[in-house]
Amino acid sequence: MSLPSPVTDIDRLMAELHQLASISDASVPPPAVTRVVFTPKDLEAREYLHGLYQDAGLEVRVDAIGNMFARWRGSKPDLPAVGTGSHTDAIPHAGMYDGTVGVLGGLEAIRSLQRAGFQPRRSIEVVMFTSEEPTRFGIGCTGSRLMSGALTPDLLSQLRDGEGDGYDTVRRVAGFQGELKDCLLMDEYYSAFIELHIEQGPMLEQEQLDIGIVTAIAAPATAEFTVMGEGGHAGGVLMPARRDALAAASEMILAIEARAKGSVSPDLVATVGCVDVHPGAVNSIPSRVVFTLDLRDIDGANRDLVLREIGDQVETISKRRNVEVEWRVLNADPPALSDQRVVDAVERATNRLKLSSRKMISRAYHDSLFMARVAPMGMIFIPCRGGVSHRPDEYSSPEQIKAGVETLAITLAELSSS
Ligand code: HGY
Ligand code: MN
Ligand code: MN
């Protein structure tokens, strides 16, 4: 099969990435980015993308929660399309490459094939998934979960943000109407789905490699713990009489860290990223603490075992400290495996471009974790400086981004020609 040589305009792509980064609620200028789902900046970013898609002559549709699909029609438009894409929402004070490289890079991959005069047999479609990040509603990937059936419309409608506003209300106020059930992709909607993303880890840079060919995506779980003690005056309550919710939660958090460090699986990671202390006054003993747990492993069974053990340890600590604890699992997803045909196509693309590469797992989750349920999935990683992500100093160079885009373009060309 003779595949085209992509004609990539990396300067244009970098300008678009910087323009997108400027659409942000971060308190400091780019490269820090904050862009939370269904906020005005998120909507402004979508408008910007929509314009770029139209300039490229793509057919755009938006579903009931804002997933945006931009399609380059193939010569056999009735065949299942080849999909690519990622997300443009960003957690508070994040970087400008997480997700956006897969959305704008997916668009540039299409444009690079258009410039090369390539005509796909299958349509090629770039997706901007709504809310890959868990920032607002507590779980991530609501767009790809709804598309793949991993989340039902009913369960999605039960999600609430920090203001107590329901997902369904918020999406309608943001201007997205239509039936949630229609977000579910019909069978065989895509013949393959490939996502380009920064690695969000140090391996490619340490091994001085150009491309990561993802073979599996780790299994994420999120839980929320509520510890109830007894408040009181910081001066008036002597130590033996205290039931301090924050001291108890602190012991629980250290126990979580110790359990993760002691895991037989080196891929198990545990993070307590949010702690809410009530009443949060300097001279008042904390009466209630709510904290979150992000627990992941490529081995789903080990993750679930550790989650159960953490629950037991938290209960033991609560009894010893005479506080109450309630906890609930928000999501506990299985890992996903990449499809061998897609992995092989990516590898052939790196060989053709004379790029160094390695097979690897993704420790971060992505929309591809759920797209794997409805299509043969693959991911292409590019290095990011120091492995840093979810921070303003997240960075991939234009050369690294170009290598990722061209690997994606050739992979899309091959998979859309069959
Ligand atoms: O948390 C993650 O793995 C992804 O970056 N949302
Ligand atoms: Mn992220
Ligand atoms: Mn991401």
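Model, not experiment: these values are computed from the prediction.
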Item to check | Test log, rule side-chain hydrogen bond (donor to acceptor under 3.5 Å, both in side chains), inputs Glu406 and Thr8 | outcome: CA-CA 7 Å; Glu406 295 190 342; Thr8 311; 2.7 Å; yes

Checklist entry - Does the salt bridge (Lys or Arg N to Asp or Glu O under 4.0 Å) test come out yes or no for Arg391 and Glu394, once each step is laid out? => result CA-CA 6 Å; Arg391 279 179 15 194; Glu394 176 184 277; over 6 Å; no

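Between Arg46 and Asp42 there is a salt bridge, since at least one side-chain N of the basic residue sits less than 4.0 Å from a carboxylate O of the acidic one. By the 4.0 Å N-to-carboxylate-O rule, Asp168 lies close enough to Arg172 to be salt-bridged with it. Ion pairing between Glu133 and Arg35 fails under the 4.0 Å rule for side-chain N and carboxylate O. We find that Glu59 and Arg73 are joined by a salt bridge, their nearest charged nitrogen and carboxylate oxygen being less than 4.0 Å apart. Classification of Arg136 and Glu163 as a salt-bridged pair fails, no side-chain N sitting under 4.0 Å from a carboxylate O.
Side chains of Ser131 and Asp89: a donor-acceptor N/O pair is absent below 3.5 angstrom, by distance only. Side-chain contact annotation: Ser86 with Glu195, donor-acceptor N/O pair under 3.5 Å present. A side-chain N or O of Asp344 and one of Gln340 form a donor-acceptor pair less than 3.5 Å apart. Asp367 and Ser144 share a side-chain donor-acceptor pair at under 3.5 Å. Between the side chains of Arg352 and Ser5, at least one donor N or O lies within less than 3.5 Å of an accepting N or O. In this structure, a donor-acceptor pair under 3.5 Å is present between the side chains of Asp98 and His390. If you check the side chains of Asp297 and Ser265, you find a donor sitting under 3.5 Å from an acceptor.
Without hydrogens or angle criteria, Arg303 side chain to Asp333 main chain gives a donor-acceptor distance under 3.5 Å.
Arg160 places none of its side-chain heavy atoms less than 4.5 Å from the side chain of Tyr167. Here the side chains of Ile256 and Phe291 are in contact, with some heavy-atom distance below 4.5 Å. Proximity of Asp9 to Arg111: side-chain heavy atoms (C-beta onward) are nowhere separated by under 4.5 Å.
Using a 30° and 60° split on the angle between ring planes, Phe38 and Phe176 fall in the tilted class, from 30° to 60°. In this structure, Phe69 and Tyr189 have perpendicular ring planes: the angle between them is above 60°, well past the 30° mark.
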